[in-house]
Each structure stands twice: as C-alpha cells, then as structure tokens.
2 protein chains.
Amino acid sequence: MTADTRWLDEDEQRTWRAFLTAQRLLFDRLERQLQRDAGLPHAYYEILVRLSEAPDRTLRMSQLADSSLSSRSRLSHAVARLEAAGWVRRRACAEDRRGAFAELTPDGMAKLEESAPGHVEAVRADLFDALDRDQQRVLRDISDTLIAHLSDTAAWPVESDTRADAG
Amino acid sequence: MTADTRWLDEDEQRTWRAFLTAQRLLFDRLERQLQRDAGLPHAYYEILVRLSEAPDRTLRMSQLADSSLSSRSRLSHAVARLEAAGWVRRRACAEDRRGAFAELTPDGMAKLEESAPGHVEAVRADLFDALDRDQQRVLRDISDTLIAHLSDTAAWPVESDTRADAG
DNA sequence: CCTATATAGTTGAACTCTAAGCTGTTGAGA
DNA sequence: TCTCAACAGCTTAGAGTTCAACTATATAGG
C-alpha cells in the first residue's frame, strides 16, 4: 500500500498542527479539571453521565461501552472501580445470562451532580467562551461530518482494497 | 465558587457532544494506526517529528517537552524508551549542567521516515478527505482561536479571582 | 560568601489504557 | 440433539501517564 503518499501541503500541515495543538490543550485541561475537582478521569465521568440519562439509570455493559465510546475492556475496569467507590452497581441480566447491567446508585448520582457544575463551567470557559456563534455552528457541522465519515469508513484499510494502481 | 453554573443550552450541548465524539473517534483511530504500524504512541511519534525539525536534530529536554506538548515527566519516560530503542540519544549540556540534550539518531530518523507515510495517509483519509475547503479553513481558524484562548487563560481559576459578584 | 529559592530533569508508585486471551452463553444449522 | 461460531463480559500482562518527591545545578539577596 501507499505506493505514493498523499503528503499534506503547507496549508494542510498548519491546519493539522493547529487542530492537534488546540485539541490537546483543551482536553488535557478538562481532564485535569475533572481529576482535580472530582477525582475522576473524563472517561469515568462520561460513564456516569450516560447512566444518569438511561431509563432506570441502567444500561447493559455493551450499550454503555458504545455510548461512552469505551472499549469493552476499559469499561470493565472502569465499572470495577466505580463499583468499588459505590457509584455504580452491577446486576445480573435474566434474559441473557452472559450479560450484565450497570446501574447508577444514588451515591453515584450525587457524585455526578456534585461534579457537573465545575466541569460544565470549564467546558464553557475553555471552549464556548472563546468561539463566536458562527464558529460554534461550524464546529458542530464539522464534527457531525467527521462522525459520519469515521463511522462509515473501516478503521483500517481493508485487505481486498489493495490495488495495483494508485487509483 | 460557581455560585451559578452557566449550564449549556440544548444547542451547545449538542455541539459539545458532537465535538467530543468526533475528536475521540479521530484520535483513537490515529493512535491505533500508529501503534499498529509503527509500534509507537502518537506522543512518541511527535517527539521524533520535533527532533527531526530541530537544528542538528537536537533539542533541550525542556524545549522538546514544550514543543511536543508533553509534561517533563512524560518526556523523561518517553526519551528513556526511545533511547533504549536506539532512536534518540541523550547528551550532556555544557552551559547548564542541570540540562540535557536529546538528539535524534540516524536510526531514529529512519524510523520516522518509515512511519510517516502511513500516518500522513491516515490523517488525510480520516480528516481531510471528509472536509471541504471551507470547513478546513474554519477548522484552522477555530483551532488558532482556541490556542490563543487557552494560552492566555490560566489553567485553573486563580484563587484571588474569587469575587463576590458573578461579574 | 552563604543561604534561599528557582530551575532542569529524573524517579517511583498509583492509576488507566490496550491487546489478547479466557469463560460462559446463546443461537443457528446439521 | 449436537456442534460450533458469535457474542458478552472479564482477566491478565504490559505499556503510558500523572503526581509528588527527589537530585543537582543555577541564581538572587543579604
């Protein structure tokens, strides 16, 4: 593959590096805010959020993994820790005995309600306060475009797509 | 603090979640591409890139940390591994004996040249191929805005900034 | 000169993440 | 019914990151 690399031109290079830098500065910051104020990584916070929005504050592990963009493995570890903290409880699944439910406990809900204001404030201060309405609109547009693109596209080049010509 | 939380409205909420999702899909993917094809985390790849662009392919550890958006600690660990692999070499600093230089070795340069095409192709396929010229332009604009904003703003609320009014 | 403080970089422990493999369950087809 | 692939979730091992503490050197003030 990659007989001829489609290198980035000057302009694309700058765009890419700017995006990379902005993204890192922003998410490092939010990560640290949550870790400092709530003692939680953002991935764990998001698990609590998704559970809080689910019917009965309960989701199957797989659904929770999908909705929080976690791998199965990562979710297992995460829920183990959240369960030890008393914020989430695992329940057996009657219909499918392989399965398991994760349920947000009242303590978990309290934890979330206590952590949310600081986090939301950080998102607003670090992201929204910097962007005007137009920029926000396009950011959403770009994000939606990317989500569609990345959901459609296989994560890595499919073997059978290896052609002789550079197409 | 946060007497009154400035919650996100419906629209902002959607924008934020879309951005979060897009960003995660994209960077998880690039991370995996590099790990799979080059056996390197993106952070390590970036260290090689920065060194490759420096005069004499050499930088002080601190400069390298700053330019690659790494913490000092992370960089120490990273360079230790890169050095063990033979891709980077540490050199003493004569002017400031606390300091150290990191230098990209020929092997390191070769490693980078071997890894770059696949990575660049992934960036193009996953990001640029999805966005039209206008979106690319605004993405750069937004990124630059964010970088300026986040560089100006203290990472966390300064104590002395706690005022009685919501000002 | 001497002390205090700041800076450069490293280290170790605790934690998170990923990848691979494992257990047990389900469901389709022979 | 039996078999076997697919699936749900967990576990293990190894690697990366962070935080706090530490070493060593540099610099400023008295």
Side-chain angles (χ1 to χ4, degrees), chain A residues 24 27-48 58-85 88-103 155-156, chain B residues 24-25 27-48 58-85 87-103 155-156:
Chain A
R24 274 245 235 146
F27 287 95
D28 280 6
R29 229 158 135 138
L30 295 176
E31 190 70 43
R32 233 165 257 158
Q33 179 275 322
L34 267 176
Q35 191 64 55
R36 172 172 50 85
D37 296 344
L40 285 178
H42 186 265
Y44 288 30
Y45 176 84
E46 216 174 325
I47 288 171
L48 298 185
T58 299
L59 281 175
R60 282 288 291 272
M61 290 294 280
S62 306
Q63 294 176 48
L64 183 52
D66 291 345
S67 68
S68 63
L69 299 180
S70 258
S71 70
R72 308 305 163 91
S73 174
R74 176 202 217 154
L75 184 66
S76 269
H77 289 296
V79 167
R81 167 139 124 60
L82 293 173
E83 191 169 30
V88 167
R89 179 169 47 214
R90 265 185 253 242
R91 312 178 67 109
C93 175
E95 310 92 66
D96 185 339
R97 272 184 304 182
R98 293 169 303 181
F101 289 110
E103 178 188 358
W156 11 311
Chain B
R24 275 245 236 141
L25 289 176
F27 288 95
D28 281 5
R29 225 155 137 142
L30 295 176
E31 189 70 43
R32 234 165 258 158
Q33 180 276 321
L34 267 176
Q35 190 63 54
R36 172 172 49 86
D37 296 344
L40 284 178
H42 187 265
Y44 288 32
Y45 176 82
E46 217 174 324
I47 288 170
L48 298 185
T58 299
L59 282 175
R60 282 289 291 273
M61 290 295 281
S62 306
Q63 295 176 49
L64 183 52
D66 291 345
S67 68
S68 64
L69 299 179
S70 257
S71 69
R72 309 303 165 91
S73 172
R74 177 203 217 154
L75 184 67
S76 269
H77 289 295
V79 167
R81 165 137 128 57
L82 294 172
E83 191 169 30
W87 297 325
V88 168
R89 179 170 47 213
R90 265 185 252 243
R91 311 178 67 110
C93 175
E95 310 94 68
D96 184 339
R97 274 185 303 181
R98 294 168 301 180
F101 289 109
E103 178 188 0
W156 12 311

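Chain naming here is simple, since letters A, B, ... match the order of the sequence lines and numbering starts at 1 in each. Just so you know, these numbers come straight off a predicted model, no measurement behind them. Computation of the quantities below employed the complete heavy-atom set of this structure, encompassing side-chain atoms and omitting hydrogens, waters and symmetry-equivalent molecules.
Checking C:dT18, D:dA6, C:dT10 against the side-chain heavy atoms of A:Arg98 singles out D:dA6 as nearest. The side chain of A:His77 lies closest to C:dA19, out of C:dA19, C:dT25, D:dA26.
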Exercise answer: donor-acceptor pairs, residues 72-83 of chain A side-chain atoms, under 3.5 Å, sequence neighbours excluded:
unit_1: A:Arg72; atom_1: NH1; unit_2: A:Ser62; atom_2: OG; d: 3.4
unit_1: A:Arg81; atom_1: NH2; unit_2: A:Gly39; atom_2: O; d: 3.3
unit_1: A:Glu83; atom_1: OE1; unit_2: A:Arg90; atom_2: NE; d: 3.0
unit_1: A:Glu83; atom_1: OE2; unit_2: A:Arg90; atom_2: N; d: 3.1

Identify each atom pair where a protein N or O and an N or O of nucleotides 14-16 of chain D are less than 3.5 Å apart, giving names and distance.
unit_1: D:dG16; atom_1: OP1; unit_2: B:Arg81; atom_2: NE; d: 2.7
unit_1: D:dG16; atom_1: OP1; unit_2: B:Arg81; atom_2: NH2; d: 3.0
unit_1: D:dG16; atom_1: OP2; unit_2: B:Arg81; atom_2: NE; d: 3.3

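Not counting sequence neighbours, B:Arg97 has no partner by the salt bridge (Lys or Arg N to Asp or Glu O under 4.0 Å) test.
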B:Asp28 vs A:Leu69, test: side chain to side chain contact (heavy atoms under 4.5 Å, CB included). Steps then yes/no. CA-CA 10 Å; B:Asp28 281 5; A:Leu69 299 180; 5.7 Å; no
Candidate pair B:Leu30 and B:Tyr45, rule side chain to side chain contact (heavy atoms under 4.5 Å, CB included), full reasoning: CA-CA 11 Å; B:Leu30 295 176; B:Tyr45 176 82; over 6 Å; no
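Distance A:Glu46 CD to C:dT16 C1': 16 Å, rounded to the nearest Å. Rounded to an integer number of Å, the gap from B:Phe27 CZ to C:dT18 C1' is 19 Å. In this structure, A:Asp96 atom CG and D:dA6 atom C1' are separated by 12 Å, rounded to whole Å.
Residue B:Arg32 has a polar side-chain atom (N or O) positioned under 4.0 Å from OP1 or OP2 of C:dA19. A sub-4.0 Å separation between OP1 or OP2 of D:dC10 and a side-chain N or O of A:Arg90 is present.
Under the 4.5 Å side-chain criterion, counting only non-hydrogen atoms from C-beta, B:Phe101 is in contact with B:Arg60.
Residue contacts for A:Ser71: at a heavy-atom cut-off of 4.0 Å it reaches the sugar-phosphate backbone alone, with no base atom in range.
We find the CZ-CG distance between A:Arg29 and A:Leu34 to be 13.5 Å, quoted to the nearest 0.5 Å.
Counting distance only, with no hydrogens placed and no angle test, the side-chain atoms of B:Ser73 and the base atoms of C:dT10 include no donor-acceptor pair under 3.5 Å.
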